Amino acid sequence: MGRVSLTTDSEPPTPVPEDAPAHVREPVGSRLDAWWGRLLSTPGRQSAWRWGGPLAVTLLAAILRLWNLGDPHSLVFDETFYVKDAWSLLHLGYEGSWPANADTAFNAGDVNQFTNVGSYVVHPPLGKWIMALGLSVFGAENSFGWRISVAVCGILAVLLIAMIGTKLFKSTLLGTIAGFLFAIDGHAIVMARIGILDGILMLFMLLGFGAMLLDREWHARRLAAWVDRREREGLTASWGPTFWWRPWLMAAALAFGLASAVKWSGLYFLVAFAVYSLLVDALARRRVGLPFWISAAILKQGPATFLVMVPLFLASYLATWVGWFTTAGGYYRTWAQTSGTEWTGSLSWVPLTIQNFWHFQVSVYNFNVNEHSPHPYAANPFTWLFMIRPTQMYVNTTTDGTGGCGEQTCYANITSVGNAAIWWAATAALFYLVYRLIRKREWQVGLILMGMVAGYLPWLMYANRTIFQFYTIAFEPYMILGLTFVIGLALGARTDARRKRVLALWVVGAYLLLTVAVSVFFWPVWTAQPIPGWLLTLHYWLPSWR
């Protein structure tokens with residue numbers, strides 16, 4: 001993928017000599033390229049741009065996610081589970097049970113109705129511990145405190161995707177565009193403004209993805225240095241080395257373990273990127289001329305990668321259960337002792353605490369794979385990429401003229417529908433990227449698509465389960481990166497013919513303005529702003545969005 005001139009290039013296009021042939025004299029670049037080159041004509045300005053672009057879109061994300069975050073002051077959708085779980089977790093060390101219909105009292109400020117009886121929960125505790133940080137600072141009586149931790153995760157994700165895009169495409173401009181698109185997309189905004197787990201899950205997955213990007217470069221550089229050193233010493237290099245010290249691979253394993261400690265779907269990222277690491281290692285060995293590159297990657301580096309990643313993954317996952325292990329009230333904490341079902345035979349030596357924990361995990365797995373309860377907003381994963389059935393997180397209707405919209409009846413909704421100009425373009429970009437990977441085998445495309453493989457494809461196995469469109473936040477960053485890749489292709493390079501370059505800049509600029517216009521239009525239904533019925537109807541671009 002060619003570099004885009006508005007990123008790091010500091011000089012205007014080289015002028016063409018007047019005596020050059022006619023086909024060479026055609027001017028290249030644009031006035032914008034020349035102005036940008038002059039603007040970034042010093043190392044200090046280039047450094048300021050490298051940080052300023054990502055930080056600017058992060059600031060934009062912060063404004064969109066923090067503005068009026070406490071509204072509505074009502075538990076929204078699955079906040080009824082996770083906010084209350086986080087609050088009891090903060091006090092008990094495990095999730096306590098609540099009386100029936102506790103939401104009304106909780107909304108009114110009576111937040112301590114939980115009991116010390118363990119509650120059956122179907123997701124690990126890390127996401128709720130992170131939410132508990134906000135509750136510990138702002139209190140559970142303040143709805144801002146319910147959501148601030150998730151909002152911070154959503155803001156950090158914008159900064160992270162901008163930095164990953166800059167590294168992946170070697171372009172600050174494209175990294176900034178990626179962060180900008182993620183900052184203004186409605187699905188990302190909604191999932192950062194309500195206190196549920198999926199935005200936290202997405203952040204840890206993205207951290208692991210970024211670590212895999214850095215490991216790819218780290219490994220290739222050290223492998224080349226190893227081969228060069230062997231050649232200078234006159235030694236043959238048939239298999240290549242085994243790298244046990246892979247700091248970025250270790251960081252990825254930790255991130256994926258923490259993701260799995262939010263929701264188990266983080267495990268898919270570990271598996272997918274362990275396979276990806278094996279493929280990258282093999283191809284890197286082939287590039288440096290090692291004859292046994294396949295067998296070396298599988299038989300030498302493969303076992304080392306497994307031993308580097310899996311124990312760290314498990315350790316990071318188990319560490320988040322410390323509250324359950326160190327207290328006696330958690331659900332199933334004394335299951336073996338009280339049910340008389342201790343393991344016998346060859347497994348009788350296993351401590352009862354481990355037996356109880358294993359039983360808990362098996363129970364949660366069975367619940368998750370067998371959840372088929374009907375729900376009006378359930379969405380088949382085969383429709384996710386096309387945003388057919390977004391989730392209505394909150395609905396409030398006032399009919400007495402006090403809703404604030406200027407009419408008798410007002411509607412305040414929170415709908416996790418994405419910016420259609422971003423989402424559908426990103427879906428089209430993904431299909432193009434599959435074609436492009438087959439034709440050109442670009443590593444950037446492969447890495448982006450691996451994010452989609454890890455985040456999306458496993459859900460196709462559960463098409464009959466009760467699952468929702470909002471799960472897509474886990475892989476939306478890779479849709480955004482795929483779209484940004486195509487935007488980079490459309491922009492071209494500063495050495496393109498002027499007419500082509502100017503047209504490309506106008507097209508991309510017009511597209512970005514369109515995305516802004518769509519976000520402005522949909523802002524009310526992302527943030528529960530009261531609007532009249534006729535305006536709400538204009539937001540139903542598909543019948544299934546109702």
Side-chain angles (χ1 to χ4, degrees), residues 1-3 8 43 50 163-171 175 205-257 267-316 433 436-451 453-454 481 485:
M1 181 176 180
R3 295 177 64 179
T8 58
R50 281 193 295 271
M163 296 174 66
I164 288 173
T166 298
K167 180 72 172 178
L168 184 64
F169 305 129
K170 294 183 171 58
S171 165
M205 290 174 170
L206 192 56
L207 282 168
F209 179 88
M212 292 302 302
L213 171 62
L214 294 173
D215 176 76
R216 183 186 184 280
E217 180 181 298
W218 187 97
H219 173 264
R221 185 167 60 247
R222 278 154 182 77
L223 179 62
W226 185 90
V227 171
D228 182 66
R229 185 169 58 254
R230 297 277 293 185
E231 290 178 349
R232 283 188 280 104
E233 294 172 354
L235 302 174
T236 59
S238 299
W239 288 67
T242 300
F243 291 113
W244 289 93
W245 174 244
R246 299 276 291 270
W248 292 114
L249 199 63
M250 296 175 182
L254 286 170
F256 295 147
L267 176 62
Y268 297 133
F269 272 71
L270 175 76
V271 174
F273 280 99
V275 173
Y276 175 82
S277 176
L278 189 68
L279 294 173
V280 167
D281 289 349
L283 294 175
R285 290 169 191 265
R286 185 178 69 170
R287 280 195 299 271
V288 297
L290 296 176
F292 302 118
W293 52 278
I294 295 180
S295 53
I298 297 174
L299 301 177
K300 289 194 68 177
Q301 188 60 53
T305 297
F306 178 88
L307 293 174
V308 164
M309 296 190 77
V310 173
L312 285 172
F313 173 88
L314 292 175
S316 59
L433 259 59
R436 193 172 178 92
L437 180 64
I438 296 171
R439 287 293 305 271
K440 295 183 177 293
R441 297 185 178 88
E442 293 154 315
W443 71 267
Q444 296 97 330
V445 174
L447 181 60
I448 293 169
L449 291 179
M450 187 55 70
V453 167
L481 289 172
F485 181 91

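Here the structure is a predicted model, which means the values were calculated and not measured.
- Taken from CG in Leu307 to CG in Leu312, the straight-line distance is 10.5 Å, to the nearest 0.5 Å.
- Contact detail for Ser238 and Pro291: the closest heavy-atom pair is O-CD, 3.4 Å.
- To the nearest 0.5 Å, atoms CZ (Arg221) and CZ (Arg216) are separated by 12.0 Å.
- Identified under the salt bridge (Lys or Arg N to Asp or Glu O under 4.0 Å) test for residues 279-304, with sequence neighbours left out: Arg246-Asp281.
- Inter-residue side-chain proximity for Leu214 and Lys167 is flagged as met; some heavy-atom pair is nearer than 4.5 Å.
- Residues Val288 and Ala224 share a closest heavy-atom pair of CG1-CA, 4.2 Å.
- Below 30°, between 30° and 60°, or above 60°: for Phe243 and Trp218 the angle between ring planes is above 60°, a perpendicular geometry.
- Sparse packing is recorded around CH2 of Trp248, with 12 or fewer heavy atoms of other residues, nucleotides or ligands lying under 6.0 Å away.
- Looking only at side-chain heavy atoms (C-beta outward), Ile448 and Leu168 come within less than 4.5 Å of each other.
- Residues Val453 and Phe273 form no side-chain contact, since every pair of their non-hydrogen atoms from C-beta on lies 4.5 Å or further apart.
- Checked against ring-ring contact (aromatic ring centres under 6.0 Å, His included), Tyr268 has no partners two or more places apart in sequence or in another chain.
- Considering all non-hydrogen atoms of both residues, Leu290 and Gly240 come closest at CD1-CA, 3.6 Å.
- Inter-residue side-chain proximity for Leu267 and Phe313 is flagged as met; some heavy-atom pair is nearer than 4.5 Å.
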Run the side-chain contact (heavy atoms from CB on, under 4.5 Å) test on Met309 and Leu270 for me, step by step, so that the C-alpha distance in whole Å, both residues' side-chain angles and the decisive distance to 0.1 Å come before the verdict. CA-CA 8 Å; Met309 296 190 77; Leu270 175 76; 3.8 Å; yes
Worked verdict on Arg229 versus Arg232 for side-chain contact (heavy atoms from CB on, under 4.5 Å): CA-CA 5 Å; Arg229 185 169 58 254; Arg232 283 188 280 104; 3.8 Å; yes
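- The two atoms that bring Ala252 and Met212 nearest to each other are CB-SD, 3.6 Å, heavy atoms only.
- Legend: residues meeting ring-ring contact (aromatic ring centres under 6.0 Å, His included) with Phe306, ordered by chain and number and at least two apart, are absent.
- Ring geometry for Phe292 versus Trp239: interplanar angle of 30 to 60°, hence tilted.
- Separating the CZ atom in Phe485 from the CG atom in Leu449 is a distance of 9.5 Å, to the nearest 0.5 Å.
- With rounding to the nearest 0.5 Å, the separation of CZ in Phe256 from CZ in Phe269 is 6.5 Å.
- Here CZ of Phe209 is found 7.5 Å from OH of Tyr276. Values are rounded to the nearest 0.5 Å.
- Atom-to-atom distance recorded for Leu278:CG and Leu283:CG is 9.5 Å, nearest 0.5 angstrom.
- For the residue pair Pro241 and Leu223, the shortest heavy atom distance occurs at CD-CD1, 3.5 Å.
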